2 protein chains.
Amino acid sequence: MARVPHANLDCSPGCPVEGVLAIIGGKWKGLILYHLLAGTLRFNEIRRRVPNVTQRMLTTQLRELEADGLLVRTVYAEVPPRVEYSLSPRGRSLEPIILALKAWGEEHLRPAIPKAVVAA
Amino acid sequence: MARVPHANLDCSPGCPVEGVLAIIGGKWKGLILYHLLAGTLRFNEIRRRVPNVTQRMLTTQLRELEADGLLVRTVYAEVPPRVEYSLSPRGRSLEPIILALKAWGEEHLRPAIPKAVVAA
DNA sequence: GCACATAGTGTCGAAAAGGATACCGTCATG
DNA sequence: CATGACGGTATCCTTTTCGACACTATGTGC
């Protein structure tokens, strides 16, 4: 989704809501943040936990989350390359929100269609 | 932002997070939901509270929120037209999340630039 | 008649977001 | 040499989102 620019000076009282959604709302970001709650993960570990995300998109979204100060990317001088991602304190402070989103989704969103039905 | 389709059968444990963000994450939706927390509002009332939203976008987002079951649209057989929007029980259950988003935004997002500075 | 109230709708284009595909560099192993 | 590990990057295309602009319908008041 589009970034809501804070350059918009007619910012109304609800603006922070929109602002937060703008930084956590990109595709795959919710999943990434959720999985990082459990602790530091490497690139391919995230990728395995978020099936169907392309490498390209994972990189892009991780870089954006980093730019917004929600996660920390640690590069080790190793071969093969080793890069670790973990929530920053700022990102960690989103934990109750992420967990509340998960709980609400589990209660109110339709469950996925079982595989067997689709195969028919 | 794009709807995350639940037709994606490889839904991982964090999927509900992504699913909720997909329905509340469109531009202006966070603001709309926030303002409706205070109670029933008419179209132009919402519009005045959300400066800079176009009529077109307000209509579109309201219709999506309605389709996702988050709000109720009540049409009165009157002239001039009278249409009221209010949170559904399902939408109302998002209140703690919306308020948490607002609190987090107020604490962690940069404040808007004061008007006087821009005028300079 | 015109302008105002209300709440939209239709159409199209621009911009943004997302994704597909090929390729990269270093080292280790068979 | 080829292939695999790792974590990407580059390029281009597709899809989606958003917004601009014009128009709509009914009634009322000047």
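Throughout, a chain's letter reflects where its sequence line sits, starting with A, and its residues are numbered from 1. On a predicted model such as this, the values are computed, not experimentally measured, just so you know.
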Quick one: salt bridge (charged side-chain N to carboxylate O under 4.0 Å, His left out) pairs with a partner in residues 94-104 of chain B, sequence neighbours left out? B:Arg92-B:Glu95, B:Lys102-B:Glu106

Contact list (N/O, under 3.5 angstrom) for nucleotides 1-6 of chain D vs protein:
unit_1, atom_1, unit_2, atom_2, d
D:dC6, O3', A:Arg42, NH2, 3.2
D:dC6, O3', A:Pro81, O, 3.2

Rounding to a whole Å, what distance do you find between A:Leu41:CG and D:dG7:P? 11 Å

Report, one pair per line, the protein and nucleotides 9-13 of chain C atoms (nitrogen or oxygen only) whose separation is under 3.5 Å.
unit_1, atom_1, unit_2, atom_2, d
C:dT9, OP1, B:Arg63, NH2, 3.4
C:dG10, N7, B:Arg56, NE, 3.1
C:dG10, N7, B:Arg56, NH2, 3.4
C:dG10, O6, B:Arg56, NE, 2.9
C:dT11, O4, B:Arg56, NE, 3.1

Protein-nucleotide distance (A:Ile32, atom CD1; C:dG18, atom C1'), rounded to Å: 13 Å

Side chain to side chain donor-acceptor pair (under 3.5 Å) partners for B:Arg48, two or more places apart: none

At under 4.0 Å, does any side-chain N or O of A:Trp28 touch on OP1 or OP2 of C:dG19? yes

side-chain contact (heavy atoms from CB on, under 4.5 Å) with B:Arg47: which residues, sequence neighbours excluded? B:Phe43, B:Asn44, B:Val53, B:Gln55, B:Leu58

Is there a side-chain polar atom (N or O) of B:Gln61 under 4.0 Å from OP1 or OP2 of D:dT17? no

Taking only residues at least two apart or on different chains, which pairs with a member in residues 75-89 of chain A satisfy side chain to side chain donor-acceptor pair (under 3.5 Å)? A:Arg73-A:Tyr85, A:Tyr76-A:Glu84, A:Glu78-A:Arg82, A:Arg82-A:Glu84

Which residues satisfy the salt bridge (Lys or Arg N to Asp or Glu O under 4.0 Å) test with A:Glu66, sequence neighbours excluded? none

For A:Arg90, side chain to side chain donor-acceptor pair (under 3.5 Å) partners two or more places apart: none

Listed partners of A:Glu45 passing salt bridge (Lys or Arg N to Asp or Glu O under 4.0 Å), at least two apart: none

May I ask you to evaluate whether B:Lys27 reaches the phosphate of C:dA16, defined as a side-chain N or O under 4.0 Å from OP1 or OP2? no

